[in-house]
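Take a look at the structure below.
As the structure lists them, so they are numbered: ligands from 1, and atoms in each ligand from 1. One-based numbering along the sequence shown.
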Amino acid sequence: MINFRIIGRQFSTSISKQNAIKNVTVIGGGLMGSGIAQVAAQAGQSVTLVDVSSDVLAKSQKSIGANLGRVAKKLYKDKPEDGEKFVAEALGRIKTATDPGEASKSADLIVEAIVENMDVKHKLFKQLDSAAPAHTILASNTSSLSINEIGSVVKRKDKFGGLHFFNPVPVMRLLEVVKGAETSEDTYKSMMEWGKAVGKTCITCKDTPGFVVNRLLVPYICEAMRLYERGDASARDIDIAMKLGAGYPMGPLELADYVGLDTNKFILDGWHKKFPDQPLFKPIPLLNKLVAEGKLGVKTGEGIYKYDKK
Ligand SMILES: CCCCCCC[C@H](O)CC(=O)SCCNC(=O)CCNC(=O)[C@H](O)C(C)(C)COP(=O)([O-])OP(=O)([O-])OC[C@H]1O[C@@H](n2cnc3c(N)ncnc32)[C@H](O)[C@@H]1OP(=O)([O-])[O-]
Ligand SMILES: NC(=O)c1ccc[n+]([C@@H]2O[C@H](COP(=O)([O-])OP(=O)(O)OC[C@H]3O[C@@H](n4cnc5c(N)ncnc54)[C@H](O)[C@@H]3O)[C@@H](O)[C@H]2O)c1
């Protein structure tokens, strides 16, 4: 609730500030990329949203339109015509494309939000590095991979960093700005300014596993799964406990289903491989079983809970 008002206020004040980034290319039109494109367009920036799949791009445009409608309802409660204008103008600032190289040519900033796979990200960033103008900042929205490792393939290491958004992007107010070992001070400042311009509260993170939020959130969710797996409490009771006892908007198991159990597993497996002695990152049989059965959470209609298929 407060989110929208705050987003609204920041939106109206921040675009007047001198943010040098005007043209943003977002690569990956899925859940996160469409949200990132939306907040940038809302803030008055020209956005090119890129995906390998035109079907995904069509779906993204539809969901961005619907989510802008939700924002407009809040911002222009008593002036629906202004709300419609806001939605149409923001949508009008978003172009779509399927060729990342071509879409990079006029970008001041490129935010990558493609699949969480190091090899695929490397391939993309090599292409972006050679196609984008010299001044363009390249950033990854990775949840769990190392920014230095992703950026190892680009020449412009001073203009590479992390911009980690949270799901759902239009609602969650935080942006983690990640400084890699070679990220320059100018790049870091530009990323912070841009984050504020798109309505986010920015924090500074080092390139450590999970940055701040996921370093705390992943072990928390995993401990909730282990508690449930041991039979210490029911799933519902664990979620009720954390909502009513700790004030979280969602319980840990609901959140795991919302994020996707495959994503949970992917992060945990990656960290376990890198840090085999860390007990918090040890595999969870229940999680492995659910993922093997294709029960990935809300998106497949079943995870820890069952959901009505839409
Ligand atoms: C092993 C662990 C793995 C971790 C993985 C990490 C992943 C990643 O790296 C980090 C994350 O993102 S971590 C994940 C971090 N994320 C979290 O932790 C999320 C925690 N959950 C929440 O904050 C809330 O449950 C939600 C905001 C999701 C839904 O809120 P609710 O109250 O349950 O339900 P509601 O009433 O429907 O919605 C409320 C308001 O929001 C509005 N709205 C919703 N979606 C919208 C959209 N896409 N656009 C625009 N607006 C949208 C909606 O219109 C409504 O507005 P109103 O004006 O008030 O009527
Ligand atoms: N889902 C979350 O809650 C969340 C939160 C924060 C960060 N992230 C991170 O954001 C990134 C994207 O996650 P998501 O949940 O949006 O994934 P998603 O699967 O919804 O979307 C990824 C999109 O990238 C596209 N794609 C894949 N390879 C591509 C390429 N080479 N060029 C262009 N498009 C390509 C796919 O077609 C897909 O539409 C990941 O790195 C993830 O770790 C996810």
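At distances below 3.5 Å, not a single donor-acceptor pair connects side-chain atoms of Asp232 with backbone N or O atoms of Tyr228. Side chain of Thr187 to backbone of Asp158: a donor-acceptor contact under 3.5 angstrom is found. Remark: side-chain polar atoms of Lys59 are not paired, donor with acceptor, to backbone N or O of Gly29 under 3.5 angstrom.
With distances taken over non-hydrogen atoms, the option nearest atom 16 (N) of ligand 1 out of Leu68, Asn167, Leu174 is Asn167. Distances from atom 1 (N) of ligand 2 to the heavy atoms of Leu145, Val26, Asp99, Leu31 put Leu31 nearest. Between atom 27 (C) of ligand 2 and the options Leu57, Ile114, Leu49, the minimum heavy-atom separation is to Ile114. When the options Ala113, Gly33, Pro168 are ranked by their closest heavy atom to atom 22 (C) of ligand 2, first place goes to Ala113.
Contact analysis puts Leu217 in contact with ligand 1, with a non-hydrogen atom separation below 4.0 angstrom. Heavy-atom distances between Lys123 and ligand 2 stay at or above 4.0 Å for every pair. Residue Gln38 places every heavy atom at 4.0 Å or more from ligand 1. Within the structure, ligand 2 has Asn141 among the residues with a heavy atom less than 4.0 angstrom away. Ligand 2 lies nowhere less than 4.0 angstrom from a heavy atom belonging to Ser53.
Of the heavy atoms in Leu255, only side-chain atoms (C-beta onward) come closer than 4.0 Å to ligand 1. Residue Lys121 touches ligand 2 through its side chain alone, judged by heavy-atom distances below 4.0 Å. Heavy atoms from both the backbone and the side chain of Asn264 come within less than 4.0 Å of ligand 1. With a 4.0 Å heavy-atom cut-off, ligand 2 is reached by no atom of Phe166. Counting heavy atoms under 4.0 Å from ligand 1, residue Tyr258 touches it through the side chain alone. For Pro170, every heavy-atom contact with ligand 1 shorter than 4.0 Å involves the side chain, none the backbone. Looking at Val169 against ligand 1, nothing comes within 4.0 Å, counting heavy atoms. In Val213, neither the side chain nor the backbone holds a heavy atom less than 4.0 Å from any atom of ligand 1.
For Glu176 and Arg215, the salt-bridge test fails: no basic side-chain N is under 4.0 Å from an acidic carboxylate O. Between Lys189 and Glu193 there is no salt bridge, since none of the side-chain N atoms of the basic residue sits less than 4.0 Å from a carboxylate O of the acidic one.
Residue, atom and distance of the protein heavy atom nearest to atom 39 (O) of ligand 2 are Asp51 OD2, 2.7 Å. Summary of contacts: the protein heavy atom closest to atom 21 (O) of ligand 2 is Gly30 CA, 3.3 Å. The protein non-hydrogen atom at the shortest distance from atom 8 (N) of ligand 2 is Ser143 OG, 3.0 Å. The protein heavy atom nearest to atom 14 (P) of ligand 2 is Met32 CG, 3.9 Å. Here the protein heavy atom with the shortest distance to atom 41 (O) of ligand 2 is Glu116 OE1, 2.6 Å.
Between Ser190 and Ile137 there is a side-chain heavy-atom pair separated by less than 4.5 Å. Contact annotation: the side chain of Thr142 never approaches that of His164 to less than 4.5 Å [non-hydrogen atoms, C-beta and beyond]. Thr204 has its side chain within reach of Tyr188: a pair of non-hydrogen atoms, C-beta onward, lies under 4.5 Å apart. Within the 4.5 Å cutoff, the side chain of Phe125 has heavy atoms near those of the Ser140 side chain. The closest side-chain heavy-atom distance from Asp129 to Val153 is not below 4.5 Å. Within the 4.5 Å cutoff, side-chain heavy atoms of Ile267 are placed close to those of Ser143.
Annotation for ligand 1: atoms under 4.0 Å from non-hydrogen atoms of Phe166 are 10 (C), 11 (C), 12 (O). Those atoms of ligand 2 that come under 4.0 Å of a heavy atom in His164, given as number and element, are 6 (C), 7 (C). With ligand atoms numbered from 1 in the order given, ligand 1 contributes 58 (O) to contacts under 4.0 Å with heavy atoms of Lys74. Applying the 4.0 Å criterion to heavy atoms of Thr142 picks out, from ligand 2, the atoms 41 (O). Heavy-atom proximity to Asn167, at under 4.0 Å, picks out these atoms of ligand 2: 3 (O). Each of the atoms 7 (C), 8 (C), 9 (O) of ligand 1 lies under 4.0 Å from some heavy atom of Ser143. Interface atoms of ligand 1 facing Ile221, defined by a heavy-atom separation under 4.0 Å, are 2 (C). The atoms of ligand 1 that sit less than 4.0 Å from any heavy atom of Val259 are 5 (C). Every atom of ligand 2 is numbered from 1 in the order shown, and the set under 4.0 Å from a heavy atom of Val56 is 39 (O).
Distance screen at 4.0 Å: atom 32 (N) of ligand 2 has a protein heavy-atom neighbour inside the cut-off. Atom 19 (O) of ligand 2 is not flagged as protein-proximal [any protein heavy atom, distance under 4.0 Å].
Below 30°, between 30° and 60°, or above 60°: for Tyr220 and Tyr248 the angle between ring planes is between 30° and 60°, a tilted geometry.
At a threshold of 4.5 Å between side-chain heavy atoms, the hydrophobic network of Ile, Leu, Val, Met, Phe, Trp and Tyr places Val26 and Val198 in one connected group.
Inclusion of Val50 in the set of residues having an N or O under 3.5 Å from an N or O of ligand 2 is not warranted. Considering backbone and side-chain N/O of Ile27, none are found under 3.5 Å from N/O of ligand 2. The shortest N/O to N/O separation between Thr263 and ligand 1 does not fall below 3.5 Å.
Annotation: Lys282, atom NZ; neighbour count of heavy atoms from other residues, nucleotides and ligands within 6.0 Å is above 12. With a 6.0 Å radius and a threshold of 12 heavy atoms from other residues, nucleotides or ligands, Lys299 has its NZ atom above the threshold.
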| Step-by-step side-chain contact (heavy atoms from CB on, under 4.5 Å) determination, Phe165 to Lys200 | CA-CA 9 Å; Phe165 285 85; Lys200 301 301 175 194; 4.2 Å; yes
| query | Step by step, would you call Arg226 with Glu223 a salt bridge (Lys or Arg N to Asp or Glu O under 4.0 Å)? | reply | CA-CA 5 Å; Arg226 293 184 181 107; Glu223 281 301 282; 2.8 Å; yes
| Derivation and outcome, side chain to side chain donor-acceptor pair (under 3.5 Å), residues Glu116 and Ser144 | CA-CA 8 Å; Glu116 187 79 333; Ser144 64; 2.8 Å; yes
| task | Give the C-alpha distance, both sets of side-chain angles, the deciding distance and a yes or no for side-chain contact (heavy atoms from CB on, under 4.5 Å) between Glu254 and Tyr305. | result | CA-CA 8 Å; Glu254 286 172 327; Tyr305 296 105; 4.0 Å; yes
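Nearest heavy-atom pair across Lys121 and Val115 is NZ-O, 3.3 Å.
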